[in-house]
2 protein chains.
Amino acid sequence: MRLDEIDRRIVAQLLENGRASYAQIGTAVGLSAPAVKRRVDRLRADGVITGFSAVVDPAALGWTTEAFIEIFCTGATSPEEIYASIRNHPEVVAAYTVSGDASALVHVRARDIQHLEQALERLRREDNITATKTAIVLSRLIGRPTDSPERPGRPASRY
Amino acid sequence: MRLDEIDRRIVAQLLENGRASYAQIGTAVGLSAPAVKRRVDRLRADGVITGFSAVVDPAALGWTTEAFIEIFCTGATSPEEIYASIRNHPEVVAAYTVSGDASALVHVRARDIQHLEQALERLRREDNITATKTAIVLSRLIGRPTDSPERPGRPASRY
DNA sequence: CGTGAAACTTGAGGCTC
DNA sequence: GAGCCTCAAGTTTCACG
C-alpha cells in the first residue's frame with residue numbers, strides 16, 4: 001500500500017475537484033485516463049480514498065450555529081460508553097476522545113442558538129455525562145475540505 | 001434560494017456519493033437526469049453546494065496524529081490578526097474564533113507526535129499567541145463527511 | 001502503461017405541461 | 001417556471017498490445 005508521487009498528485013486533484021474526469025486528472029499528472037482510473041480504483045480498494053462527497057455550505061441549509069462541547073464523564077467511562085451517549089444526537093457532527101481534562105470533545109451543529117441549547121440540554125441528560133463546557137463558534141477562520149498530502153494553507157472561507 | 005424536499009434529497013445523495021451520475025440521482029429522487037442536472041447547477045450557483053471532494057483517510061497518507069489547540073491571545077486581538085498568525089501553519093486543518101476563555105480553537109493534524117510538538121512550538125512563537133492548551137485526539141468516535149440535512153448519526157470510523 | 005472500441009453519461013437544444 | 005425527450009460530444013470502462 002505504498003503511494004508514489006503520482007498517487008499523491010491524483011489524491012490532491014480529487015480533493016480539489018472530486019468530479020474531475022480521469023482524462024482531466026491524467027493531463028494534470030501526465031497519465032492516460034485508464035491509468036488514472038486503475039490508480040483511483042486501487043486507492044479506493046486500499047482505503048486511502050474512502051469515498052466522494054459534495055461539499056455543502058451548512059449555513060445555506062439553515063445550520064447557522066456551531067459549537068465545540070467538552071464532555072466530562074464519571075471516572076472510568078470507556079470510549080464505547082461515550083460513543084453510546086452521543087451517537088443518537090443528530091446535531092453531533094464529529095466527536096473525539098482526547099487527552100486532558102475532558103473525556104471527549106464533540107463538534108455540534110444546530111439551526112440556531114435555541115436549537116443548540118436544546119441539543120445541549122439533551123446531551124446533558126445522558127447518564128454518563130456529568131458536565132459540559134461549551135465554546136460557541138463565532139467565526140470560521142480556516143476550514144480545509146480535508147488534508148491534502150502536500151498542499152499549503154488555503155484562504156479561509158468565512159461566514 | 002428556497003430549497004424544496006427534492007433539493008434536499010439531491011444534496012443528501014451527493015453527500016453520500018459525490019460522483020453519482022445524474023441519472024442515478026434521478027431514479028433515487030424520481031426525476032430525469034436533465035432535471036437533476038438543472039437543480040444541481042442551481043444549487044451550485046446558489047452556493048449550497050460549494051464543490052466536490054474525495055474523502056480521504058488522513059492516516060493512510062501518514063497523518064496519524066491530531067489535536068485541538070485552544071489559543072489564547074493578548075487582550076483585544078482581532079479575528080484577522082489571529083488568522084494571520086495561523087494561516088501559514090500547514091498543519092492547521094480548521095480554526096474558529098469561539099466564545100469562552102480561549103480566543104480561538106484550532107484543529108491540527110500532524111504526521112506523528114514529534115511533528116505535532118514541532119507545529120505547536122512554531123505556533124507558540126507567533127507574537128499574538130500568549131498561551132495554548134492542547135487536547136490530543138485519542139480516538140475518533142464520530143466523523144460525518146459533512147452535515148446531511150436529514151441523515152441521522154452514522155457509525156464512527158475509528159482509528 | 002497506452003490504445004482503441006463499446007456503453008454510458010453529460011450538456012444543450014427544443015417541446016410540453 | 002419546471003420537467004421530459006433527443007442527440008452530439010465527452011467520459012468511463014474494458015480487452016488487448
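Below, chain A is the first sequence line, B the second, and so on; all start at residue 1.
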> Ignoring hydrogens and angles, state whether a donor on the side chain of A:T74 or A:T130 is under 3.5 Å from an acceptor on the partner side chain.
no
> Side chain to side chain contact (heavy atoms under 4.5 Å, CB included) with B:R44: which residues, sequence neighbours excluded?
B:V40, B:I49, B:F52
> Would you call the rings of B:F68 and B:H107 parallel, tilted or perpendicular, where under 30° means parallel and over 60° means perpendicular?
parallel
> A:R19 CZ to D:dG10 C1': how many Å, rounded?
14 Å
> Rounded to whole Å, please give me the gap between CG in B:N17 and P in D:dT12.
13 Å
> Could you check how far CD1 of A:I25 sits from C1' of C:dG2, rounded to whole Å?
17 Å
> Contact list please: residues 32-47 of chain A against DNA chain D, heavy atoms, distance less than 4.0 Å, in numerical order.
A:P34, A:K37
> Please check if the side chain of A:D46 supplies one atom and the backbone of A:V48 the other of a donor-acceptor pair under 3.5 Å.
no
> Should the heavy atoms of other residues, nucleotides or ligands under 6.0 Å from CG of A:D112 be counted, would the total exceed 12?
yes
> Whole Å only: how far is the OH atom of A:Y22 from the P atom of C:dC1?
14 Å
> Closest approach to the side chain of A:L31, judged atom by atom: which nucleotide of C:dT10, C:dG2, D:dG3 is it?
C:dG2
> Of all heavy-atom pairs between B:R19 and A:S21, which one has the smallest distance, and what is that distance?
NH2-CA, 4.3 Å
